[in-house]
Each structure stands twice: as structure tokens, then as C-alpha cells.
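Remarks on the structure that follows.
Chain identifiers are assigned alphabetically (A, B, ...) following the order of the sequence lines, protein sequences preceding nucleic acid strands; residue numbering begins at 1 within each chain. All figures in this text were calculated on a predicted structure; none of them were measured in a lab.
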2 protein chains.
Amino acid sequence: MSAAADTAERILDAAAELMATRGYAATTTRAIAQRAGVNEVTLFRRFENKQGVLKALGERMARRQAGRAAEHVAPSDDARATLLAFARMEIEGALEDDGLAMRLAYDAQSVPEVGEAMGAGAGANLAGLAEYLRERQEVGQLRADVDPAVMAEAFFGLTSSYVIMRKVLGLGESPVDVRTDEGLEQLFDLFWSGAAPKEARHDG
Amino acid sequence: MSAAADTAERILDAAAELMATRGYAATTTRAIAQRAGVNEVTLFRRFENKQGVLKALGERMARRQAGRAAEHVAPSDDARATLLAFARMEIEGALEDDGLAMRLAYDAQSVPEVGEAMGAGAGANLAGLAEYLRERQEVGQLRADVDPAVMAEAFFGLTSSYVIMRKVLGLGESPVDVRTDEGLEQLFDLFWSGAAPKEARHDG
DNA sequence: GTAGAGTGCAAGCAAGCACTTGCTTCACTT
DNA sequence: AAGTGAAGCAAGTGCTTGCTTGCACTCTAC
């Protein structure tokens, strides 16, 4: 990576860390520059605006998210395995950036430019998941007496609360590897036991 | 209510509304005063500080929360009914103040005084619920193969995501009455079907 | 070996912030 | 009628914020 590109990356890294904990408005350009180890002027020269930093950050997040999806979610007929992989992916991504996406989803409400930089994100994700769940209901892989939108909401609640508790409220610890975390496994099993058709449930 | 007490209440109402959407730092004393229909100076005369407003708000929230708990959660041997009542109470309280408590939980991370004003809140709630669930596991009213802390986390995820989606992300609509909301009923049933011992589950 | 791009440094500007001061007005009690 | 407490209004203080300007330095490419 060229020196110039590296400077930009370091600024984005710093901005991501700070905004994840303080939010967009409370993260000053001075603080970003200091953490990145560059002069504040350099930040403005490379990104024009504070909003420009946010926009670049949003694009980088979208790129990484797409990469994770391609890597982790293999097409499979096993609905349970697919959903578990999806949960892991969501959580891994959210933990990796320290809950940045969730924090910014909060800020989007009050700061319009944050909403723009984040795109349809959450809403689109939810709708897409609901559609997937509906298909699985139709082929009998999920119980059919619950609205798929409600089921998607429950799934979203599972993954987001896992992150919020660890990164926002500071309860519990982040697992070393989400792929082997026992708590996540149990958490998912609770969801699955509620969502599966009766013959597929656990034998608790 | 005396005119003076009414002024203070109106200031707290305005602060609650604004902080619920913008967060603590982004809510200016000017904006609070304007929305309350009082002069900004009046705010400082009644509450000393912006922090003083926050503190009074925290105390009022705690008082109301205690009131709701006394009103709604009747002691019962029916674990399902108790948990459903508890979920309704949590959600009703959170929706009533437009997600203020959750928004402030976010801010507590970056603004120390917010943490002080909110107290142990979330962490204590979680621990208390886990303890209740553990007792119910022991008497066979809940499946025993899942860590009660994980189960509490799932429950918390259910209620908090219900509120976050409606108040923070602006998805879906707030129900007119939480006590009769069909979606909440289904959402809780998903949780319960996952958490109940096998003989008590739904027949989906 | 020189031009140009990238960065640092010092200084500053306008706006917005929490908060203060001094004075006036009004309603209510005695 | 006088006194008192709550509220409004106008103005201002010191600080922080996003952002700008001007200048000097150091690499790298040709």
C-alpha cells in the first residue's frame, strides 16, 4: 500500500474506533487525527469534510460486509446450518468493528448525513431475511404459524443483542472466536428451538 | 400541581423527548428550554446544570419503572404468564419514553455522567432475570440444558430489539396497546417455544 | 536536479455550546 | 400596599468545534 493510501486507511481506522464508542457527533476531527497519528489538516485535505470521512467509512464497511457474506454463507439445504452461519457472520462483522454499524444506526435518527452514509442497511437486511424465512416455511423447514417478519425480528434481536451487550453495555466478554463460542451456540439453539417445526426440535 | 412544579415537569418532558432521539450530548439546553416553552435561564435556575436535568430525569424514570413493576407483575406460579407480563412491562415502559433508557445506555459509554444518572440498570436487570430463570429451571418449568444467563440474554434481546426496531430504526409501527399487540404475542411465543421444557411447547 | 505531491506546523475564524449576570415583570400571600 | 418567589429578556463569557490559510519540509519520479 502506498504511503498516501496508508494515511487514509489510518484515518478511517481511527474514525471507526472513535465513532463506535462516542457516536458520530461526539467524535471530533481533532480526535480522529490525533488517534490516527496525523495532523488534523491532513484529514481535511484527504476527505474534504467530516462527512467525507463518514462516507468513505460507510463504503469501506459495505465492501467488507460483502466480502464476509461471500466467504461465510454457503448455499445449503439445511436451514438450521444456514441461519447459524448467517448469525455468526452478522455477529462477527459487528464485533470486528466494535459495534460501529449499530452505533451509527442510532445516530442516523438525529444526524441526517449518517443515515445517507449507511444506506438502507438494517431495513433491507430485515426484509431479505423475512423473505428467506418465508420460503423455508413453505417447504416445511420452519414452523408456519408465525409471521416471517416476526421471526426475522426475533433473529435480528438475537444477533444485535449479543453485540449490544458485549460492546455497548460492556456486559460479558467478546469471545475469542465467534465460530466456536458456546454461548452463541446456546443462544442460537434457543431461537431455533422456537422457530423450528415441532419434529425438528431439541430434546431438552 | 403548582405552577413551579409544572415548569420543572415540562422541562423534564422536553429533555426526555429530545434525548431519546438525539442522545445526551447532542441535546442542547437551548433546545430543551424551547421545547418546554420556557426561557433557557429558567432551566438553569431549576436544575443548576445540564447534568442536573439528567439526574432528575434518571430519578423520574426509576420512580416510574418501580410503579410499573408493582402494577403489572403479579406473583404467579405460571412461568409463561409471568415472563410475558414482564416482557410487556419492559416494552411498555421503553416505548412510553420513546426508547430513552436505551439511547442513554448507549451514551453512558462515552459520557460518564450519563452512566452515573442511569445507575446499574441494565446489568442488574439481566442478573435478576437470570436468577429467576435459574429457579424456574430447577422446578422444571424451563428447559435445563441452557445456561440461564444465556436465556436471560435471549429474553433481553427480544424486548430490546422490539423497541429498537420501532423507536430507533423507525421500522414497523408502535402498537396502540402493548397488552394486545399480536406481533409481540408471536415474538414472545418464539422465545417461549425455545425456552420451555419440551412437553409445554406449542403445537405448530 | 528539479518539479510536484504529500504532509506537518502555527495560527486563526465563525458558529455553537453550557452557563452567568443584571434587570424587569408578574402572581400570590400577608 | 408591600413583600416574595418564579419567570422572562438581553447580553455576554469562555470554551470547543469544524474548517481554512500560509508556509516550510521531505520524499519520489522524471
(request) Just do the salt bridge (Lys or Arg N to Asp or Glu O under 4.0 Å) check on B:Glu96 and B:Arg68 with the steps written out, would you? (result) CA-CA 11 Å; B:Glu96 225 169 65; B:Arg68 258 192 307 272; 3.0 Å; yes
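Remark: B:Glu40, B:Val41, B:Phe44, B:Asn49, B:Lys50 in residues 33-54 of chain B come within less than 4.0 Å of DNA chain C through at least one heavy atom. Only at 4.0 angstrom or more do the heavy atoms of residues 112-119 of chain A sit from any atom of DNA chain C, so none qualifies.
A salt bridge links B:Glu138 to B:Arg134: one of the charged nitrogens lies within less than 4.0 Å of a carboxylate oxygen. One finds no salt bridge joining B:Arg22 and B:Glu17 here, because no Lys/Arg side-chain nitrogen approaches an Asp/Glu carboxylate oxygen to under 4.0 Å. Electrostatic pairing of A:Asp189 and B:Arg143 counts as a salt bridge here, judged by a charged N lying under 4.0 Å from a carboxylate O. Ion pairing of B:Glu113 with B:Lys50 is absent here, as no side-chain N (NZ or NE/NH1/NH2) approaches a carboxylate O to less than 4.0 Å.
Exactly one residue among A:Val53, A:Thr42, A:Ile32 makes a side-chain contact (heavy atoms from CB on, under 4.5 Å) with A:Phe47. That residue is A:Val53. Considering B:Asp6, B:Asp13, B:Thr7 in turn, B:Asp6 is the only one that fulfils the side-chain hydrogen bond (donor to acceptor under 3.5 Å, both in side chains) rule with B:Arg10.
The distance from atom CG of A:Asp6 to atom C1' of D:dC27 is 15 Å, rounded to the nearest whole Å. Atom C1' of nucleotide C:dC13 and atom CZ of A:Arg30 are separated by 11 Å, given to the nearest angstrom.
For A:Phe86 and A:Tyr132, the distance between ring centers is not under 6.0 angstrom.
Considering only side-chain N and O atoms, A:Thr7 lies under 4.0 angstrom from the phosphate OP1 or OP2 of C:dT7.
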